[in-house]
Amino acid sequence: MEDKKLVKRDEVNPMGYYDSEHTKNVRDWKEVFDLLVKDPSFVPASHEPDDEELRMLTNQWPGYPSEFRDTCKEYAGEVEKLAYKLLEFISLSLGLPANCMHGYFKDQISFMRLNYYPPCPSPDLALGVGPHKDGGALTVLSQDDVGGLQIKRKSDGEWIPVRPIPDAFIINLGDATQVWSNDTYESPEHRVVVNSTKGRISIPFFFFPAHYVMLKPFEELVNEQNPARYREFNWGKFFATRNRSDYKKRDVENIQIRHFRI
Ligand SMILES: O=C(O)CCC(=O)C(=O)O
Ligand SMILES: [Fe+2]
């Protein structure tokens with residue numbers, strides 16, 4: 001525990017170790033270690049729309065184990081390549097040039113998270129992560145063999161387990177892809193349940209555009225029959241507004257892309 005405290009996230013640096021994250025104002029049953037894919041990364045200093053100040057984020061690395069830093073960086077680098085490939089396939093599937101979204105990620109604020117969900121004495125009273133949708137372009141998730149991730153089936157609202165498949169990643173589309181594709185793709189609602197006997201490890205890589213990217217449906221996908229379903233909004237401010245309620249319990253509902261629906 002002492003070692004974890006040395007790399008603990010605080011008001012100034014949101015990267016590092018943390019054990020009291022909230023999803024939609026409810027505390028999650030988990031410990032996390034967050035690291036930036038691009039170090040340093042720049043994000044809006046506040047969620048206030050008129051505040052143009054930026055904040056520089058950097059990684060915090062523990063001294064032990066000694067190979068931790070290099071292993072994380074190598075993994076992140078490889079998953080980043082996969083994320084770009086997936087983005088190309090998504091673009092092509094929408095009838096757009098393969099690299100049409102690459103520019104949005106030049107100053108990406110992607111981060112990777114090491115999740116540990118400890119066994120929980122009352123698994124029916126807690127969630128590892130409460131119901132939510134991932135915000136960015138897509139998430140590449142690696143999970144161990146314990147299971148716990150569930151996805152909400154749209155037809156009847158039933159929570160369906162996403163069973164672990166050895167050596168397979170789970171690819172989760174995010175809100176940004178939903179907006180860019182004008183609802184051709186949808187970011188699914190998901191959550192993580194915990195259990196009373198086994199701890200679980202998962203590693204999501206959140207592929208996030210640069211803070212200055214304005215999200216809106218691609219012009220090529222919009223016409224009179226199929227008008228834009230979202231008005232343009234700034235990704236960095238969306239990210240900053242959502243993070244407000246991840247760090248502390250708040251009285252306001254956290255921001256969702258449906259708030260930008262036309
Ligand atoms: O642990 C998992 O399987 C998923 C975690 C998750 O959904 C998230 O951190 O956004
Ligand atoms: Fe998620």
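Because the structure is predicted, anything quoted here is derived from the model rather than measured. Remember, it's 1-based here, ligands and their atoms both numbered in the order they're listed.
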May I have a table of the N/O to N/O pairs between ligand 1 and the protein that fall below 3.5 Å, each row giving the two atom names and the distance to 0.1 Å?
from, atom 1, to, atom 2, distance (Å)
ligand 1, 1 (O), Y117, OH, 2.6
ligand 1, 1 (O), R200, NH1, 3.1
ligand 1, 1 (O), S202, OG, 2.6
ligand 1, 3 (O), R200, NH1, 3.3
ligand 1, 3 (O), R200, NH2, 2.8
ligand 1, 7 (O), H132, NE2, 3.2
ligand 1, 7 (O), H190, NE2, 3.0
ligand 1, 10 (O), H132, NE2, 3.0
ligand 1, 10 (O), D134, OD1, 3.2

Side-chain donor-acceptor pair present, T58, D39, cut-off under 3.5 Å = no
Cluster membership besides I151, Ile/Leu/Val/Met/Phe/Trp/Tyr side chains within less than 4.5 angstrom, sorted by chain and number, is W29, Y117, V129, L141, L149, I160, V162, I170, V192, V194
How far apart are the C-alpha atoms of Y17 and Y116, what are their side-chain angles, what is the distance that settles it, and do they pass the ring pair (Phe, Tyr, Trp, His ring centres under 6.0 Å) test?
-> CA-CA 11 Å; Y17 172 78; Y116 175 61; over 10 Å; no
Does a salt bridge link R9 with E21, judged by any charged N lying under 4.0 Å from a carboxylate O?
-> yes
Any salt bridge between E31 and K4, counting N to O under 4.0 Å?
-> yes
Fellow cluster residues of V193, listed by chain then number, with links counted only when side-chain atoms sit under 4.5 Å apart = L127
Number of protein N/O/S atoms that sit closer than 2.8 Å to the Fe ion (ligand 2) = 3
Is the closest basic N to carboxylate O distance between E186 and K154 below 4.0 Å?
-> yes
State the CH2-CD distance between W180 and E220, to the nearest 0.5 angstrom.
-> 13.5 Å
Do D34 and R113 sit within salt-bridge range, that is, some charged N less than 4.0 Å from a carboxylate O?
-> yes
